[in-house]
Amino acid sequence: MPLQLKKELNEKQYQAAVQLEGPLLVIAGAGSGKTRMITFRIAYMLEMGIHQSNILALTFTNKAALEMSERVKEITGQKLSNLTVSTFHAFGVKVLRKTIDKLGYKDTFSIYDQTDKISAIKNAAREMGIHPESLDTFELANLFSGIKMGRIKWNDGNRQFKELYNSYMEHLFLYNAVDFDDLINLPIKIFKEFPDILKAYQQQFKYIMVDEFQDTSSRQYEFIKMLGTRYRNLCVVGDDDQSIYSWRGANYQNIVNFELDFPELVEIKLEQNYRSTKNILAAANKLISHNKNRKEKELWTGVEHGRSIEIFYPENETREAEFITEMIQTLTLKEGVKYHDFGILVRTNSLSAMIENALLSDNIPYKVSGGKSFFQRKEIKDIVAYMRILENPDDDVNLLRILNTPRRGIGNATLKKIRELADRQDYSLYSAMVALKWAADSPVTQKAKASIDDFIDLIEYFREKIAEGQQLVPAIKNLIERIDYWGYLLLEHQKNDKVAKWKYKNVGIFMDIFERWEKNPDNKGKGLINFLNKITLITRDEESDDEKGKLNLMTIHASKGLEFEIVFLAGVENNIIPHARSIEENPDNIEEERRLFYVAITRAKKKLFMTSCRTRKIGHEIVDTGPSPFLEEIPKELIEFHVPETSVDQEEAEDYFARIKSSFK
DNA sequence: CGTCTCCAGGTTTTT
DNA sequence: CCTGGAGACG
């Protein structure tokens, strides 16, 4: 059945969807049906006979990529296994897998997340004779990222770390590993040094689309510019008001750069909001108009006025959490609101702990997106490290993780000797160990040497199994048994074998995921390395089917692109939003903090509750807090202010909830 | 020399 | 609550 574009889209959306040739800039306000436009645009391309392999759609999160490709499949009813809808980073991995050998890496390279990166920095420091404890490695990781992505320049304040930075980079190369930044940077490097490769990619991806364009970094922009500059069919979609990732290098000035680089572009603004009530939208519009640095636009909606935004002032964070859950119970019981229609948004991950407690004790099913992903749990990282080493034994960071896990008698003294040898010969640790195995005279004790030999035999045995192209899952299961990981967990958690059981169960779940992946015929890239690359890029958990029907608790950052019938925004306090550290860093960040607040407000469809505690426990202290200054930027008549509770009077509280119940519709 | 146990710290937002 | 590091013990 042909697409009914005119019926499915409004005038502006339609214009954007059918404008396939030439550069296109779409400024898409919050809730303006951006994803809808993009998915129909892709469907339209396919209908016009453009081959799926010629289309590239880039997003920032795995979630967005997944949603987009599912929706295109739904609309077209096709399988579309050659359509590339991917995150920037995943696309970078794809390019590198094919081309990284040009830079002297092997295609079995490891990808380092933040934790691995910090370990690598520590290794580099140790080798230079610097005590890693004397360094703020977390800060250094950020500095190195800034340097690498061209966002920070060497200056008198940071030049002292230049040598360490160079050493870090050399180590990555020695380990045959790349960090997240490299996933963008190295493809650019390859494109520059090997024009033929660039040309082939340009030739393939004649139509390129970029979602959340305001979140692209300068390097990411450079990347897509290189790809798109030949055919110039580059469509970028973004909203400068929702740029909230500048700390990670996002540069919404890229919108301006795009206008300069592609002067022939067509610009389309989507300003009709389909999501929120007039009240909520008016508040959001007014708030964001305080930002100086923005493209002029005014969202409007045909939706009804709706109810006021309400703000409450609980005494402390415990009361805040109780208030939120009580209100949710009331609304579900009396109004029939479903749990999945609620979103509770917070500025920082740590704020969610108290709310989680309250949800748990009220038996409200919820899911948190944020915090650590399943794949970053220690027990999973251990198993993954073994798998990494099978593919890439030079990966020192992962080798160190498993060298003595489970304990096999290779302690610090032995490790030091291995390190000395490795440094001297410019070997990876694994190569040094192999050399030790065959050396005539050994600097390590007899016992340690036996352990090293056993370890190498173990790895080599399983490397062969993997290389033989056998089923991977049974091989890894066999490996887990062989190292007696279960015994290790029991030993580690003697006092509490429930924890050991729980962790081992996680390992089982992980193997199930692995098995499902291996058996899925749609996965073209077989082999351990493809699985590893895929899961390393999942830094947050994706929604699974059993998560449906649950309430949503998340950071504001994680909420971008989502919407909820009813939103609770907790911790609407000064120093939380705007966040003290952010302002401290640079007072100009106030605009980004305001955008963050704007994103939070515009998630709400029908109703927005805000809470601002009067006191809050920070560390071990209870401090007085003040309401967020942003509240004053919203017209008073749009908000219903609730006088601070004077006492914890049960009767009063019940009376209050009765009132809310009767007034909410 | 390796392992176990106890202690301190927790980093805004994330690919 | 969990992780990583230091210092005591075997």
Side-chain angles (χ1 to χ4, degrees), chain A residues 58-65 86-93 111-115 117-119 122 131-133 136-142 145 149 179-184 212 215-217 219-220 243-250 345-353 356-357 369-373 376-379 381 401 404 406-417 444-448 451 491-496 499 503 536-540 554-560 571 575-585 589 592-593 595-596 599-600 618-620:
Chain A
L58 293 173
T59 64
F60 277 84
T61 62
N62 298 300
K63 203 171 172 179
S86 145
T87 64
F88 268 92
H89 290 87
F91 184 67
V93 173
I111 303 168
Y112 283 180
D113 65 14
Q114 184 80 355
T115 320
K117 183 176 176 178
I118 286 173
S119 304
K122 284 182 185 168
H131 271 281
E133 301 85 61
D136 186 342
T137 45
F138 189 85
E139 202 49 50
L140 281 174
N142 287 336
S145 176
M149 301 311 270
D179 61 23
F180 279 163
D181 298 324
D182 289 331
L183 296 178
I184 309 299
E212 307 281 11
D215 289 333
T216 45
S217 67
R219 284 296 158 84
Q220 283 164 333
S243 168
I244 55 176
Y245 284 101
S246 72
W247 47 272
R248 184 177 96 180
L345 308 186
V346 290
R347 171 67 230 266
T348 66
N349 278 311
S350 59
L351 290 182
S352 63
E356 257 186 272
N357 271 338
S369 12
K372 257 194 204 162
S373 108
Q376 295 183 312
R377 294 170 178 280
K378 193 175 178 306
E379 61 274 22
K381 282 208 101 168
R401 180 179 277 278
N404 208 24
R407 305 261 133 76
R408 52 171 66 86
I410 305 179
N412 271 325
T414 307
L415 176 59
K416 204 171 161 208
K417 297 218 172 81
V444 302
T445 62
Q446 201 94 60
K447 225 171 99 197
S451 298
L491 197 71
E492 285 287 293
H493 304 278
Q494 291 167 23
K495 294 187 189 92
N496 182 346
V499 178
K503 292 198 166 194
T536 315
L537 295 174
I538 302 175
T539 49
R540 337 196 52 163
M554 64 186 73
T555 62
I556 301 173
H557 283 89
S559 76
K560 190 145 69 95
N575 295 333
I576 292 185
I577 181 158
H579 200 277
R581 277 179 91 132
S582 163
I583 301 301
E584 212 176 284
E585 205 174 81
N589 285 342
E592 173 141 330
E593 295 290 314
R595 289 194 291 269
L596 210 41
V599 168
I618 296 174
H620 296 288

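In the text below, chain A, chain B and the rest are named by the order of the sequence lines, each starting its count at 1.
Nearest nucleotide to the A:Thr348 side chain, out of B:dT15, B:dT14, B:dT12: B:dT12. When distances are taken from the side chain of A:Lys503 to each of B:dG2, B:dT3, C:dT3, the shortest belongs to C:dT3. For A:Thr445, taking side-chain heavy atoms from C-beta onward, the closest of the listed nucleotides B:dT14, B:dC1, B:dT13 is B:dC1. Closest to the side chain of A:Arg248, out of B:dC1, B:dT14, C:dG4, is B:dT14. You'll find that the side chain of A:Gln114 is closest to B:dT15, out of B:dC1, C:dG5, B:dT15.
When all heavy atoms of A:Ile556 and A:Ile577 are compared, the closest pair comes out as CD1-CD1, 4.0 Å. For the pair A:Ser559 and A:Val599, the tightest heavy-atom approach, listed with the atom from each and the gap, is OG-CG1, 4.2 Å.
Following rounding to the nearest Å, A:Leu58 (CG) and B:dT15 (C1') show an atom-to-atom distance of 13 Å. Atom NZ of A:Lys378 is separated from atom P of C:dC1 by 19 Å (rounded to the nearest Å). The nearest whole Å value for the distance from the CG atom in A:Leu415 to the P atom in B:dG2 is 9 Å. Rounded to a whole Å, the CG atom of A:Asp182 is 18 Å from the P atom of B:dT15. Rounded to whole Å, the distance from CG on A:Leu596 to P on B:dT14 is 10 Å. Counting to the nearest Å, the P atom of B:dT13 and the CZ atom of A:Arg595 are 18 Å from each other. For A:Glu585 and B:dT12, the CD to P distance is 9 Å, given to the nearest whole Å.
Stacking between A:Trp247 and B:dT13 is shown: the ring centroid lies under 5.5 Å from the centre of the six-membered base ring, and the planes differ by under 30°. You can call A:Phe138 stacked on the base of B:dT11; the centres are under 5.5 Å apart and the planes sit within 30°.
Here the side chains of A:Thr555 and A:Arg347 are not in contact, with every heavy-atom distance at 4.5 Å or above. A heavy-atom distance below 4.5 Å is found between the side chains of A:Lys117 and A:Ser145. Side-chain contact check for A:Tyr245 versus A:Lys560: some heavy-atom pair is nearer than 4.5 Å.
Contact annotation: A:Thr414 side-chain N/O to B:dG2 OP1/OP2 distance is under 4.0 Å. Between B:dT13 and A:Asn349, a contact under 4.0 Å exists linking OP1 or OP2 to a side-chain N or O. Between B:dC1 and A:Lys417, a contact under 4.0 Å exists linking OP1 or OP2 to a side-chain N or O. Listed pair A:Lys122 / C:dG5 meets the phosphate criterion, a side-chain N or O lying under 4.0 Å from OP1 or OP2. Contact annotation: A:Thr555 reaches the phosphate of B:dT14 (side-chain N/O to OP1 or OP2, under 4.0 Å).
The residue A:Phe60 sits close only to the backbone: its heavy atoms come under 4.0 Å of sugar-phosphate atoms, none of a base.
Using a 4.0 Å cut-off between charged side-chain N and carboxylate O, A:Lys503 and A:Glu492 make no salt bridge. Classification of A:Glu592 and A:Arg595 as a salt-bridged pair holds, one side-chain N sitting under 4.0 Å from a carboxylate O.
Checked by distance alone, A:Arg581 brings no side-chain donor or acceptor within 3.5 Å of a matching partner on the base of B:dT11. The base of B:dT12 is not paired with the side chain of A:His579 by any donor and acceptor separated by under 3.5 Å.
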Check: protein-nucleotides 4-8 of chain B nitrogen or oxygen pairs below 3.5 Å:
{"from": "B:dC4", "atom 1": "OP2", "to": "A:Arg407", "atom 2": "NH1", "distance (Å)": "2.8"}

Protein and nucleotides 6-8 of chain C: nitrogen or oxygen contacts under 3.5 angstrom:
none

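Nucleotides of DNA chain B nearest to A:Glu592 and A:Gly411 differ in position, and the one nearer the 5' end is that of A:Gly411.
In this structure, A:Asn412 places its CG atom where only 12 or fewer heavy-atom neighbours from other residues, nucleotides or ligands lie under 6.0 Å away.
Between A:His557 and A:Trp247, the ring-plane angle classifies as perpendicular under the 30° and 60° cut-offs.
Atoms CD1 and CE, from A:Ile184 and A:Met149 in turn, are 6.0 Å apart once rounded to the nearest 0.5 Å.
With hydrogens and angles disregarded, a donor-acceptor distance shorter than 3.5 Å links the side chain of A:Ser119 to the backbone of A:Thr115.
Here, C:dG4 and B:dT12 have their C1' atoms 22 Å apart, quoted to the whole Å.
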